[in-house]
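Because the structure is a prediction, the values reported are computed rather than measured. In what follows, chains carry the letters A, B, and so on, assigned in the order in which the sequence lines appear, proteins first and then strands, with residues in each chain numbered from 1. Side chains included, hydrogens not; waters and symmetry mates left out as well; all remaining heavy atoms used.
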There are 2 protein chains.
Amino acid sequence: MDTPHNCQLCQKQPTSAFHDLSADGLNEISQLKTCVSFKKGQVIIHEGARPQGVYCIHRGKVKLYTLGTEGKEQIIRFITSGDLLGYRSILSDEPISASATALEDTHACYIPKSSFFKVIQDNPKFSLNMLKLSCHELGEAGKMITSLAQKNVKERLAEILLILNSTFGEDEEGYIDINLTREEIANMVGTATESVIRLISELRKEGLIRSKGKRIALENRSSLRQIAAVYE
Amino acid sequence: MDTPHNCQLCQKQPTSAFHDLSADGLNEISQLKTCVSFKKGQVIIHEGARPQGVYCIHRGKVKLYTLGTEGKEQIIRFITSGDLLGYRSILSDEPISASATALEDTHACYIPKSSFFKVIQDNPKFSLNMLKLSCHELGEAGKMITSLAQKNVKERLAEILLILNSTFGEDEEGYIDINLTREEIANMVGTATESVIRLISELRKEGLIRSKGKRIALENRSSLRQIAAVYE
DNA sequence: CAATCAAAATGACTTTTGTCATATATTTGA
DNA sequence: TCAAATATATGACAAAAGTCATTTTGATTG
């Protein structure tokens, strides 16, 4: 077990389910949680398993993905500081429908199933936050479905690059601050690795992005937005 | 306003959020709801709008869809007896992300936003049911994402036919009991209408389905399952 | 700091899917 | 019930995306 993380950080984060939780509620969670770490590449939860608790990510980045035909990964979304992991399966009382793997060394709080339900029951505010959160995710999933069904690969790639940039921000040199292989990008976009590589070259030639090894920086967001046809 | 519907029907239905609700809770809802009807083809909720309440479908069938590029529909899922409509947007406090249109004459109960929140606050059981429901939907959405990203059109069509059959059942002649055009099926599968028509012909020639006009009946489920590669 | 390994890049080719045109069949509603 | 409208069906072709093979580049580590 690791050194305990400070739950108040999550309480302050507006996107967290613990946002605005009462001191009592926060205290309750602090008592029930334990702290764990995962190395880069380590599997945190495994598709098909029955989960025994939820994780609240304290620091690090995690990919959430399902395994399709022939074990091909489909990345559903990313999970990072303040986000919860594993709650879907526990709340719907179904086997885990998506696996999660750490993209970098990750620290998290673990809250056992029974404790999680206790917190939900004792804190209507938290319960409503969870409801809001899952409804928000549901809307995002709907957008992803429409995008996969109706856009071509280049449009989807442009969209994903914009999402990655706004989710993870940029490093000092302007590159998107996440370490993904072209294959992993392909697994988000829902296409072949070669197609992603080809289209990244194309976008680079068009001057919309630049790249150095696996790292990518956006150079012309508005054109990318136009390609992605994200009118929002 | 229509003749009032009996809420006990929803209470008894295991898939409904009102399942197992206390007599008090049920009574509270009965007081707050009004009853409404929609003609076939009528739009019930409209993408981008701000919803003022939720609908509980009493009888009828509704398609839920987002509008993609050039106004093309992407059907996300169907909503039928006992199901709620419009709650996602209200709970996540975002504009409606999907439109809903009645596929046949539909009767529903309307619960205004404020009443809906009141019921959630007064009935922890209902609140937890809603949470379970949205988490279940989230799992289904994840499956749909993987399917769209990794399966080819024929596999997805086979999958959709199996889903339609189990969701809506069959009429006396064995046809799937829902009235959809080939275009609407294409809008679920995420492909062109012609592709759906061609593949339906193909499946018919292979003896896996039969069809009469727009109606379709499954003849060989296990082969369809194999094509859909649904190992479950 | 090289040697090794893994990932990115690119070309050639195949398959799948989409588009457009047109013929045939089925619904629908007056 | 019959005509008009709508949907299904099919062919020909075009475009998009996937697969396989190979080269080049970048990352890793003893």
Side-chain angles (χ1 to χ4, degrees), chain A residues 39-41 68-70 72-74 103-105 147-161 173 175-176 178-206 209-217 227 229, chain B residues 39-41 68-70 72-74 103-105 147-158 160-161 171 173 175-176 178-206 209-217 227 229:
Chain A
K39 287 262 163 230
K40 177 179 173 177
T69 341
E70 292 150 49
K72 194 182 174 195
E73 281 184 13
Q74 174 60 36
L103 289 166
E104 51 187 56
D105 291 0
S147 179
L148 279 166
Q150 299 194 352
K151 291 181 185 172
N152 65 32
V153 177
K154 189 171 184 180
E155 291 163 351
R156 298 205 303 272
L157 175 62
E159 188 176 28
I160 295 287
L161 290 177
E173 295 175 75
Y175 292 105
I176 300 175
I178 183 156
N179 198 314
L180 292 175
T181 64
R182 300 291 189 259
E183 186 180 3
E184 283 170 319
I185 294 176
N187 290 347
M188 293 198 69
V189 174
T191 188
T193 308
E194 293 93 329
S195 295
V196 163
I197 290 173
R198 256 181 263 274
L199 290 167
I200 284 177
S201 300
E202 207 174 305
L203 290 173
R204 191 178 39 233
K205 280 167 198 158
E206 292 166 355
I209 62 174
R210 69 193 145 89
S211 69
K212 194 173 169 185
K214 49 163 53 175
R215 296 185 301 159
I216 296 170
I227 290 174
Chain B
K39 289 262 163 230
K40 177 179 173 176
T69 341
E70 290 148 49
K72 194 181 174 195
E73 282 183 12
Q74 174 60 37
L103 289 167
E104 52 186 54
D105 291 0
S147 179
L148 280 166
Q150 300 195 352
K151 292 181 185 173
N152 65 31
V153 177
K154 189 170 184 180
E155 291 163 351
R156 300 206 302 271
L157 176 62
I160 294 287
L161 291 176
D171 65 15
E173 295 175 74
Y175 291 105
I176 299 176
I178 184 156
N179 198 316
L180 292 175
T181 64
R182 299 290 190 260
E183 187 180 2
E184 283 171 319
I185 294 176
N187 290 346
M188 292 198 70
V189 173
T191 189
T193 308
E194 294 93 328
S195 295
V196 162
I197 289 173
R198 253 180 265 275
L199 289 166
I200 283 177
S201 300
E202 207 173 304
L203 290 173
R204 191 177 41 233
K205 280 168 198 157
E206 293 166 354
I209 62 174
R210 69 194 146 89
S211 69
K212 194 173 169 183
K214 50 163 54 174
R215 297 185 299 160
I216 296 170
I227 289 173

Task: Residues D105(A), K40(A): salt bridge by 4.0 Å N-O rule - done: no
Open item on the list: Please report the distance, rounded to the nearest Å, between CD in E194(A) and P in dA12(C).
Closed with: 16 Å
Open item on the list: Mind checking if T193(B) touches a base, just sugar-phosphate, or nothing, with heavy atoms under 4.0 Å?
Closed with: nothing
Open item on the list: Nearest whole Å is fine: how far is dA15(D) P from E155(A) CD?
Closed with: 16 Å
- [ ] Go through the steps to decide whether E206(A) and K154(A) satisfy the test salt bridge (charged side-chain N to carboxylate O under 4.0 Å, His left out), and finish with yes or no.
- [x] CA-CA 13 Å; E206(A) 292 166 355; K154(A) 189 171 184 180; 2.9 Å; yes
- [ ] Among the candidates dA9(D), dT10(C), dT16(C), find the nucleotide nearest to the side-chain atoms of N152(B).
- [x] dT16(C)
Open item on the list: Tell me the interatomic distance from K212(B), atom NZ, to dT26(C), atom C1', rounded to whole angstroms.
Closed with: 12 Å
Open item on the list: Taking any heavy-atom pair under 4.0 Å as a contact, classify K214(A): base, sugar-phosphate, or nothing.
Closed with: sugar-phosphate
TODO: For R204(A), answer base if it contacts any base atom (sugar-phosphate contacts may also be present), sugar-phosphate if it contacts only those atoms, and nothing otherwise; contact means non-hydrogen atoms under 4.0 Å.
DONE: sugar-phosphate
TODO: Send over the distance from I197(A) CD1 to dA12(C) P, rounded to a whole Å.
DONE: 17 Å
Open item on the list: Using every non-hydrogen atom in the two residues, find where V189(B) and R156(B) come nearest and quote the distance to one decimal.
Closed with: O-NE, 2.8 Å
Task: Residue pair K214(B) / N179(B), side-chain donor-acceptor N/O under 3.5 Å - done: yes
Open item on the list: Assuming nearest nucleotide by heavy-atom distance, tell me which of G213(A) and T191(A) is located more 5' along DNA chain D.
Closed with: T191(A)
Open item on the list: Nearest whole Å is fine: how far is dA17(D) P from L148(A) CG?
Closed with: 12 Å
TODO: Test for a donor-acceptor pair under 3.5 Å between the base of dG26(D) and the side chain of R215(A), counting only N and O atoms.
DONE: no
TODO: Please report, rounded to the nearest Å, how far the C1' atom of dG18(D) is from the NZ atom of K154(B).
DONE: 19 Å
Open item on the list: Looking at S201(B), I'd like to know whether one of its side-chain N or O atoms comes within less than 4.0 Å of OP1 or OP2 on dT8(D).
Closed with: no
- [ ] Could you state the atom-to-atom distance from CG of L199(A) to C1' of dG18(D) in whole Å?
- [x] 12 Å
TODO: From the options dT8(D), dT10(C), dG18(D), select the nucleotide whose nearest atom is closest to the side chain of T181(B).
DONE: dT8(D)
Task: Check: A149(A) main-chain N/O paired with Q74(B) side-chain donor or acceptor under 3.5 Å - done: no
TODO: Figure out the CD/P separation between E184(B) and dT27(C), and round it to whole Å.
DONE: 15 Å
TODO: Tell me which of S195(B) and K40(B) sits closer to the 5' end of DNA chain C, going by the nucleotide each one is nearest to.
DONE: S195(B)
Open item on the list: With a 3.5 Å cut-off and heavy atoms only, can you find an N or O donor on one side and an acceptor on the other between the side chain of R198(B) and the base of dG11(D)?
Closed with: yes
